[in-house]
Amino acid sequence: MSPPVIPPVIPPVIPPVIPPVIPPVIPVFDGHNDILLKLLRLPAEARDAAWLEGNGSGHLDLPRMQRGGFAGGFFAIYIPSPHNGVDYDTLMDTPPYDVALPDLIGAEAAQPTALAMAGILLRMERISGGAFRVCRSAAEVRAAVAAGTVAAIMHLEGAEPIGPDLDALHAFHAMGLRSLGPVWSRPTIFGHGVPFRFPGSPDTGPGLTDLGRALVRECNALGVMIDLSHLNEAGFNDVAALSDAPLVATHSNAHALTASTRNLTDRQLAMIADSNGMVGLNFATVFLRPDGRQSADMTWDPVLRHMDHLLERLGEDRLGFGSDFDGATVPQGIGDVAGLPALLDALRAHGYSEPLLQKLAHENWLALLDRTLK
Ligand code: ZN
């Protein structure tokens, strides 16, 4: 007799639980922000809370940075212009416009403000409980980003606090300064910036002065990155001829699409690409919209067109973001720093691959810092 055949027990089929595919938040390293100016303008006793908790104003604070995947960036020290009664918001929302530049501000007038802003940045680090670090080398930036610590680079937007002897450059370098624009749009003893004009060419006047050339050489020697974003075309050419570092425009867009003086011509983009440099896409609506208006009421289309054009001219290893958060009106789709994932989603929907998004979001900036900082 053979034993009875026992039918095998077939377990019920339980469909595997497939989690929805949610791409992880991609860390974003950013070419330019003005949070230091926002905090400077607050009463001193209100600054800590505005940084650590947020007060709802502007684009940046620590909680919103963490929500948006903001991994770090360049934090600008900028000397505000004296008030001249001009309503810039109205002016820049009704192109064509041509904003007159204020006069040169001397180092003795600029230094107290610059010191205060450097101090605010260093205090932001001290009170952050390890969540925020002022970095002085590419290795420090990489370590901070890997640890989920927001990595800051101290940047000087306009070299007004540096006098003709350049001594203050060394003092600011010791405080952590690793990036500098010889000019914001005002003239300095080092060169001439572009006035805000639309439509207009970046070829607006003379280039670097002899002191400007000395400043570029000293920055090269110290490993301080030189930012071309507010220089006019002649100054851009002078830096290109003199500097031994890659050419970098931290927060500028394509002049072929938005004819602002602040945007880069295809010729300038080719020079940046040749130097293995970098451009950060500026989110300022005035540099994105084809009509040059300031209004935030716009679709993603101009953002995508600028990204496509810059990618075509620079290649995929030399483009990133340069938000201008807390210094400009940005598209409603971005809103503030917590909107960075929405920007990446728009680029993803436009057909950008995940590896390309990683490059644009942070890998390209980190690689540029490897090539630039000493
Ligand atoms: Zn700027």
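All ligand and atom numbering here is 1-based and tracks the order in the structure. Computed from a predicted model, the values in this text were never measured in an experiment.
No donor-acceptor pair under 3.5 Å is formed between the side chain of Ser275 and the backbone N or O of Pro246.
For Asp210 and Arg213, the salt-bridge test passes: some basic side-chain N is under 4.0 Å from an acidic carboxylate O.
Ring pair Phe74/His155 is perpendicular by interplanar angle, where above 60° counts as perpendicular and below 30° as parallel.
Annotation for Leu101: hydrophobic cluster partners, listed by chain and number, are none (ILVMFWY side-chain heavy atoms under 4.5 Å, direct or chained).
The stretch residues 33-50 participates, sequence neighbours left out, in these side-chain hydrogen bond (donor to acceptor under 3.5 Å, both in side chains) pairs: His32-Asp34, Lys38-Asp326, Asp48-Arg123.
Less than 2.8 Å away from the Zn ion (ligand 1), the protein contributes these N/O/S atoms: Glu157 OE2, His230 NE2, His251 NE2.
Looking at residues two or more places apart in sequence or on another chain, you find no side-chain hydrogen bond (donor to acceptor under 3.5 Å, both in side chains) involving Gln66.
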